[in-house]
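Got a structure here, written out as structure tokens. Questions coming.
The basis for the numbers below is simple: all heavy atoms, side chains too, and nothing from hydrogens, waters or symmetry mates. No experiment lies behind these values; they were computed from the predicted model shown.
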Amino acid sequence: MSLSADRDRAADKPTLYKQIRNDIERCILTGEWPPGHRIPFEHQLMAHYGCSRMTVNKALSELAQADLIERRRRAGTFVRRPQHLSAVLQISDIRAEISALGRSYGYELIHSARRTANGADRVRLGVRKAGKVVAIACRHSADHVPFAVEDRLIDLETVPEAATADFAVEPPGSWLLHHVPWTEAEHTISAVVADASTAATLAIAVGAPCLVIDRHTWRSARTVTAVRLLYPGDSHRLVARFKGG
């Protein structure tokens, strides 16, 4: 996504500074603007969006407070090298998340199978009838070090095109974010200790703590996917920032 693609859409928004902030944030989180990338100068953003310096400054100030950018005196504004964080109030793309950290992304498909949903699958997806699912296990790495292991089910009744997607090439989370709109999501955060299989996949010791995110997404009340993400607990933390009404 580029800023130019959203100029006309942004002009219709009642709170323009939020749209400017969201446009820049998406460029950063998708990896389009990597760490160290220079953000357009304030006068360029003012001309692009047709707004005041105050509006641009408010958007940039919020991005700086969120640690996504850094404003250097006389040098300009740049994409900050993020810390090892995951946002829990949005659905993030692990590939983009690792790229935003300035690290090299790696992906390995462990297995993928299309099958009729069994009882455990139906419970996990929150569906009653035994439709078809794609079951996927994969590993994400950063600079060749295991970053997370993913265990995912995709409901083929809601997302039939997933049956022919090549998940050996594209991570399922990235594919879903780019191909399937969602309307509702739920995160459950917990902690477990690594069993032998998880320890081997994440290259950690058996019994080591792991951070767990269980996520469900729906599209118009129809289940899209259920995924469990496990991260090494000593190298990952979650962050969320929000304001009350």
> Going hydrophobic residue to hydrophobic residue with side-chain gaps under 4.5 angstrom, can you get from Leu109 over to Phe147?
Replying inline: yes
> Looking at NE2 of His178 and CG of Asp93, how far apart are the two atoms once the value is rounded to the nearest 0.5 Å?
Replying inline: 6.0 Å
> Tell me, do Ile28 and Ile69 make a side-chain contact under 4.5 Å, heavy atoms counted?
Replying inline: yes
>> Under the criterion side-chain contact (heavy atoms from CB on, under 4.5 Å), I'd like the reasoning laid out for Leu68 against Ile24: C-alpha separation, chi angles, the key distance, then a yes or no.
In response: CA-CA 9 Å; Leu68 289 174; Ile24 295 174; over 6 Å; no
> Is there a donor-acceptor contact under 3.5 Å from the side chain of Thr223 to the main chain of Leu125?
Replying inline: yes
> Which value, rounded to the nearest 0.5 Å, describes the distance between Glu108 atom CD and Glu150 atom CD?
Replying inline: 13.0 Å
>> How close do Pro232 and Pro146 get, counting heavy atoms only, and between which atoms?
In response: CG-O, 4.2 Å
>> Glu62 vs Tyr17, test: side chain to side chain donor-acceptor pair (under 3.5 Å). Steps then yes/no.
In response: CA-CA 10 Å; Glu62 289 197 0; Tyr17 91 90; 3.3 Å; yes
> Which atom pair, heavy atoms only, marks the closest approach of Ala100 to Pro35?
Replying inline: O-CG, 2.9 Å
> How long is the span from the CG atom in Leu176 to the OG1 atom in Thr225, to the nearest 0.5 Å?
Replying inline: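 Interatomic distance, Leu176 CG to Thr225 OG1, rounded to 0.5 Å: 5.5 Å.
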> In Å, rounded to the nearest 0.5 Å, how long is the span from CD1 of Ile94 to OH of Tyr231?
Replying inline: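 These two atoms lie 4.0 Å from each other.
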>> Using side-chain contact (heavy atoms from CB on, under 4.5 Å), reason through Val133 and Arg124 one step at a time and then give a plain yes or no.
In response: CA-CA 12 Å; Val133 298; Arg124 188 175 169 194; over 6 Å; no
> Could you state the interatomic distance from OG (Ser104) to CG (Asp143), rounded to the nearest 0.5 Å?
Replying inline: 6.0 Å
> Heavy-atom distance under 4.5 Å between the side chains of Tyr107 and Pro172, does that happen here?
Replying inline: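 Heavy-atom side-chain distance check passes, below 4.5 Å.
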> Nearest heavy-atom pair of Ala221 and Thr183: which atoms, and what distance?
Replying inline: N-OG1, 4.5 Å
> Does some side-chain heavy atom of Cys51 sit less than 4.5 Å from a side-chain heavy atom of Val56?
Replying inline: yes
> Should Val224 and Val227 be regarded as members of a common hydrophobic cluster, given that ILVMFWY residues are connected when their side-chain heavy atoms come within less than 4.5 Å of each other, either directly or indirectly?
Replying inline: yes
> Side chain of Arg222, backbone of Glu157: donor and acceptor closer than 3.5 Å?
Replying inline: yes
> Between Arg139 (side chain) and Thr201 (backbone), is there a donor-acceptor pair under 3.5 Å?
Replying inline: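 Yes.
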> Counting only heavy atoms not in His144, do more than 12 fall under 6.0 Å of its NE2?
Replying inline: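 Result for NE2/His144: open.
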>> Count I, L, V, M, F, W, Y as connected when their side-chain heavy atoms are under 4.5 Å apart, and connections chain through other members. Are Leu229 and Val149 then in the same cluster?
In response: no
>> Could you measure the distance from the CG atom of Leu153 to the CZ atom of Arg228? Nearest 0.5 Å is fine.
In response: 12.0 Å
> Quick check: does any side chain N or O of Arg103 sit under 3.5 Å from a backbone N or O of Ser141, one acting as donor and the other as acceptor?
Replying inline: no
> If you look at every heavy atom in Asp214 and Ser190, which pair is closest and at what distance?
Replying inline: OD2-OG, 4.5 Å
> Honestly curious: do Val79 and Leu60 fall in one hydrophobic cluster under the side-chain, below-4.5 Å linking rule?
Replying inline: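 Same cluster.
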> Do Asp121 side-chain atoms and Asn118 backbone N/O form a donor-acceptor pair below 3.5 Å?
Replying inline: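 Yes.
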>> With a 3.5 Å distance limit and no angle check, can you tell me whether Arg122 reaches the backbone of Arg128 through a side-chain donor-acceptor pair?
In response: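 Yes; at least one donor-acceptor contact below 3.5 Å.
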>> Any heavy-atom pair between the side chains of Leu177 and Arg95 that's under 4.5 Å?
In response: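 Heavy-atom side-chain distance check fails, nothing below 4.5 Å.
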>> Is there a side-chain contact between Val180 and Trp175 in this structure, where contact means two heavy atoms from C-beta onward sitting under 4.5 Å apart?
In response: yes
>> For a 4.5 angstrom cut-off between non-hydrogen side-chain atoms, does Val159 reach Val134?
In response: no
> Heavy atoms, side chains only, cut-off 4.5 Å: are Thr116 and Lys132 in contact?
Replying inline: yes
>> Could you report the tightest heavy-atom contact between Ala96 and Gly31, atom names first, then the distance?
In response: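 In this case the closest contact between Ala96 and Gly31 is CB-N, 4.4 Å.
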>> Check for me, please, whether Tyr49 and Met46 land in the same ILVMFWY cluster - side-chain distances under 4.5 Å, paths through other members count.
In response: yes
> If you take all heavy atoms of Ala196 and Val206, which pair is closest and at what distance?
Replying inline: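 It is CA-CG2, 3.9 Å.
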> Between Asn57 and Arg71, is any pair of side-chain heavy atoms under 4.5 Å apart?
Replying inline: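 Yes, close enough: below the 4.5 Å cut-off.
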> Which of parallel (below 30°), tilted (30 to 60°) and perpendicular (above 60°) describes His140 and Tyr105?
Replying inline: tilted
